[in-house]
Trainee: 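Below is a structure I'd like to ask you about.
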Amino acid sequence: EDQVTQSPEALRLQEGESSSLNCSYTVSGLRGLFWYRQDPGKGPEFLFTLYSAGEEKEKERLKATLTKKESFLHITAPKPEDSATYLCAVQALGGDDKIIFGKGTRLHILP
Amino acid sequence: DVKVTQSSRYLVKRTGEKVFLECVQDMDHENMFWYRQDPGLGLRLIYFSYDVKMKEKGDIPEGYSVSREKKERFSLILESASTNQTSMYLCASSFLRKSSTDTQYFGPGTRLTVL
């Protein structure tokens, strides 16, 4: 069964303290992996799509990387405004076009 | 920029009421989706649609129906609201048809409370 697991569930960092969020996935074949940011009470905001192992994408203090089994969202020198829940999602090859979401990592950056 | 809008940010209804949640996208996207999001359960797909008048069941369709009469608009209907349908409802849309990688763009969400 296709699965997406994110870790840790929650992470507290000091401002400026870099870290990484993990997204492990199990699918028969990967069509795409997505990262979203979600603020409390709001809809997810699209960040990145990754298509194949070895691919990397960057946006401001965020960098997403992809291997054949997992993706990392690296946060460099985070600021309090980076506090949010980060969601990972996977679209598998074949079958229907559903996207499977992980349960997210709640990130809190302390000033 | 992609824009997905939802008819209400907050909604309070009574048990047994019929509830309509509307979603509109302005980017001529083919695909539209309805999810619900609950603490500890994550995002769960209710229904989706690839084209006007087409609909497909997601993972938790029971107690819900949908309508897509126009390409830009996708409605979620709770035929007889129950307290276990209290949740955050999220609409999403995406451009590409089947067999292509499919980035979904989300609306702001509707927080529905059923009393």
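To find a chain, count down the sequence lines: A is the first, B the second, and so on, and within it residues start at 1. Note that these values count all heavy atoms, side chains included, but never hydrogens, waters or copies made by symmetry.
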Trainee: Grouping I, L, V, M, F, W and Y whenever their side-chain heavy atoms are under 4.5 Å apart, do V4(B) and I46(B) come out in a common cluster?
Mentor: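 Different clusters.
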Trainee: Distance check, rounded to the nearest 0.5 Å: L47(A) atom CG versus T103(B) atom OG1?
Mentor: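 Interatomic distance, L47(A) CG to T103(B) OG1, rounded to 0.5 Å: 11.0 Å.
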Trainee: With clusters defined by side-chain heavy atoms of hydrophobic residues (ILVMFWY) lying less than 4.5 Å apart, directly or transitively, does L11(A) cluster with L110(A)?
Mentor: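 No, L110(A) does not connect to L11(A) through the hydrophobic network.
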Trainee: Can you name the nearest heavy-atom pair linking L43(B) to P44(A), along with the distance?
Mentor: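 In this case the closest contact between L43(B) and P44(A) is CD1-CG, 4.5 Å.
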Trainee: Between chain A and each of A92(B), G42(B), G40(B), count heavy-atom pairs under 4.5 Å; write down the option with the most.
Mentor: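 The option with the most such pairs is G40(B).
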Trainee: Is L50(A) reachable from V4(A) through a run of hydrophobic residues whose side-chain heavy atoms are each under 4.5 Å from the next?
Mentor: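 Hydrophobic grouping puts V4(A) with L50(A).
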Trainee: May I ask you to test the Q91(A)-Q104(B) pair for a side-chain heavy-atom distance under 4.5 Å?
Mentor: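 No; the side chains remain at least 4.5 Å from each other.
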Trainee: Does atom NZ of K71(B) have more than 12 heavy-atom neighbours, drawn from other residues, nucleotides or ligands, at distances under 6.0 Å?
Mentor: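 Enclosed: over 12 neighbouring heavy atoms sit under 6.0 Å from NZ of K71(B).
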Trainee: For E45(A), check salt bridge (Lys or Arg N to Asp or Glu O under 4.0 Å) against everything at least two apart and list the hits.
Mentor: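 Partners of E45(A) by the salt bridge (Lys or Arg N to Asp or Glu O under 4.0 Å) criterion come out as none, since no residue qualifies.
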Trainee: Step through the shown structure and confirm whether more than 12 heavy atoms of other residues, nucleotides or ligands are within 6.0 Å of CZ on R61(A).
Mentor: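 Yes - once you tally the heavy atoms of other residues, nucleotides and ligands closer than 6.0 Å, there are more than 12.
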Trainee: Which atoms of L87(A) come close to chain B, meaning under 4.5 Å heavy atom to heavy atom: side chain ones, backbone ones, both, or neither?
Mentor: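 Contact with chain B involves the side chain of L87(A) alone.
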Trainee: Less than 4.5 Å to any heavy atom of chain B: does that hold for the side chain of E9(A), its backbone, both, or neither?
Mentor: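 No part of E9(A) comes within 4.5 Å of chain B.
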Trainee: If two hydrophobic side chains count as joined below 4.5 Å and joins carry through other members, does L33(A) share a cluster with Y86(A)?
Mentor: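 Linked within one cluster.
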Trainee: Does R9(B) use its side chain to pair, donor to acceptor, with the backbone of G41(A) at less than 3.5 Å?
Mentor: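 Here the side-chain-to-backbone pair exists.
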Trainee: Can you say whether Y35(B) sits under 4.5 Å from chain A via the side chain, the backbone, both, or neither, judging by heavy atoms?
Mentor: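 Contact with chain A is through the side chain of Y35(B) alone.
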Trainee: Side chain, backbone, both or neither: which part of Q37(B) has a heavy atom under 4.5 Å from chain A?
Mentor: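 Contact with chain A is through the side chain of Q37(B) alone.
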Trainee: Indicate, with yes or no, if Y50(B) and L45(B) share a hydrophobic cluster defined by side-chain heavy-atom contacts under 4.5 Å among Ile, Leu, Val, Met, Phe, Trp and Tyr.
Mentor: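 As far as the 4.5 Å side-chain criterion goes, Y50(B) and L45(B) are connected within one cluster.
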Trainee: Determine which residues belonging to residues 106-115 of chain B lie within contact range of chain A, meaning some heavy atom pair is under 4.5 Å apart, and list them by number or answer 'none'.
Mentor: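 Checking residues 106-115 of chain B against chain A gives F106(B), G107(B), P108(B).
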Trainee: Who are the salt bridge (Lys or Arg N to Asp or Glu O under 4.0 Å) partners of R44(B), not counting sequence neighbours?
Mentor: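 Checked R44(B) against salt bridge (Lys or Arg N to Asp or Glu O under 4.0 Å); matches are D38(B).
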Trainee: Quick one: CZ on F46(A) to OG on S94(B), what's the gap to the nearest 0.5 Å?
Mentor: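 Rounded to the nearest 0.5 Å, the CZ-OG separation comes out at 11.5 Å.
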Trainee: Please list, chain by chain and in numerical order, all residues satisfying salt bridge (Lys or Arg N to Asp or Glu O under 4.0 Å) with E55(A), sequence neighbours excluded.
Mentor: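 Partners of E55(A) under the salt bridge (Lys or Arg N to Asp or Glu O under 4.0 Å) test: K57(A).
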